[in-house]
2 protein chains.
Amino acid sequence: MYTISKAAEITGVSAHTLRYYEKIGLLPAPDRNAGRIREYTDKDIHFITFLHSLKNTGMSLEDISEFVKDGCILTKINEGENVTPSLSRRIEILSKHLTKMEQQRRELDQIISLTQEKLSFYQATLHESKDGDHDEA
Amino acid sequence: MYTISKAAEITGVSAHTLRYYEKIGLLPAPDRNAGRIREYTDKDIHFITFLHSLKNTGMSLEDISEFVKDGCILTKINEGENVTPSLSRRIEILSKHLTKMEQQRRELDQIISLTQEKLSFYQATLHESKDGDHDEA
DNA sequence: CCTTGACTTAGAGTTAACTCTAAGTCTTAG
DNA sequence: CTAAGACTTAGAGTTAACTCTAAGTCAAGG
């Protein structure tokens with residue numbers, strides 16, 4: 001069990017932002033200690049970290065919202081609540097996001113490869129120049 | 001050779017934004033037809049697409065700027081201009097970005113796997129329910 | 001010749017996503 | 001008992017990255 005500031009520290013999302021996310025419905029409200037103070041569980045922490053990853057990979061809060069709510073990913077879908085959208089709708093949303101993420105993954109891969117190439121080239125150059133040119137400008 | 005609006009169409013970056021990027025120094029100024037109208041080459045288009053990928057994968061313009069300028073990735077580094085930073089500095093910058101992107105890729109991979117799992121689960125459920133439950137809410 | 005699409009500068013407006021302030025309450029540990 | 005850290009609502013301020021408007025110029029095509 002973690003307080004909001006502890007959760008902030010662990011996840012890298014500020015306490016302010018955690019309350020903000022809760023307010024806009026992006027995060028489920030955590031349980032409260034004696035009905036007063038937020039108590040984040042490991043599961044909550046995990047979920048927050050997951051959202052943070054989605055953000056880091058360039059997804060907007062709006063998209064994340066649709067993704068986690070309608071897609072119900074990582075949230076309880078088997079507890080008999082009647083709030084889940086239809087199966088085929090969920091499949092549609094998840095497929096859409098999957099396609100987008102796979103495209104993004106390809107782009108990222110390409111950039112990583114390019115960067116690695118460039119980097120090896122530089123490093124080779126640095127080695128060669130040990131007896132000859134010098135480096136600093 | 002492409003006009004700005006053609007380039008916009010191809011790359012998905014608006015003409016406005018192309019001029020904006022040029023203005024803030026993110027894009028090199030393309031050659032002009034009779035010194036007046038921007039003419040984008042295939043190389044320019046390629047570079048713009050590359051920048052767009054960086055953006056899509058969540059990099060800020062500031063980071064992109066540092067990445068493409070100091071890292072000199074995809075830009076001319078072998079034409080005897082004295083503007084390149086030192087080799088070791090470039091290596092440092094590229095390494096830093098590479099680490100960040102690799103972390104991002106790990107996160108993205110994780111999300112993709114999770115999504116794929118969820119999706120197969122849904123699809124299996126959909127198949128099973130062919131004789132029994134029905135789908136639409 | 002006039003419309004279309006390119007160009008310019010300068011600056012205003014917008015949207016997303018925070019980020020903070022005010023102004024107050026409550027509770028527990030020292 | 002008081003300071004620290006939790007909480008509340010309501011709303012103001014900030015930053016990034018566009019996005020658009022104004023108000024004008026210029027050149028080529030139908």
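Sequence lines set the chain letters: A, B, ... in the order given, protein chains first and strands last, and positions in each chain run from 1.
The stretch residues 2-16 of chain A touches DNA chain D through A/T3, A/I4, A/S5, each having a heavy atom within less than 4.0 Å of the strand.
For the pair A/E39 and A/K6, the salt-bridge criterion is not met [side-chain N within less than 4.0 Å of a carboxylate O]. Note on B/K100 versus B/D63: salt bridge recorded, some NZ/NE/NH1/NH2 to OD/OE distance being below 4.0 Å. With salt bridges taken as basic N to acidic carboxylate O contacts below 4.0 Å, one links A/R105 and A/D109. Salt bridge absent: B/E107 and A/K55 never bring a charged side-chain N and a carboxylate O closer than 4.0 Å. Looking at A/E22 and A/R19, no side-chain N of the basic residue comes within less than 4.0 Å of a carboxylate O on the acidic one, giving no salt bridge.
If you check every strand for non-hydrogen atoms under 4.0 Å, B/K23 touches nothing.
Within a 6.0 Å radius of CG in A/D31, other residues, nucleotides and ligands contribute 12 heavy atoms or fewer.
Contact detail for B/I45 and B/A7: the closest heavy-atom pair is CD1-CB, 3.7 Å.
Boundaries of the chain A contact region on DNA chain D are D/dA6 to D/dT8, first to last in 5' to 3' order (nucleotide atom under 4.0 Å from a heavy atom).
Remark: C1' of C/dA6 and CD of B/E22 are 13 Å apart, rounded to the nearest angstrom.
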Run B/N56 and B/S53 through side-chain hydrogen bond (donor to acceptor under 3.5 Å, both in side chains) and show every step you take. CA-CA 5 Å; B/N56 283 345; B/S53 292; 5.4 Å; no
Once each nucleotide of nucleotides 24-30 of chain C is scored for protein heavy atoms under 4.0 Å, what B/S/- sequence comes out, 5' to 3'? --BS---
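For the pairing with B/I48, the side-chain contact (heavy atoms from CB on, under 4.5 Å) check across B/T17, B/L26, B/V13 returns one residue only, B/V13.
The phosphate of C/dA6 has neither OP1 nor OP2 within less than 4.0 Å of any side-chain N or O from B/R38.
In this structure, a donor-acceptor pair under 3.5 Å is present between the side chains of B/Y2 and B/D42.
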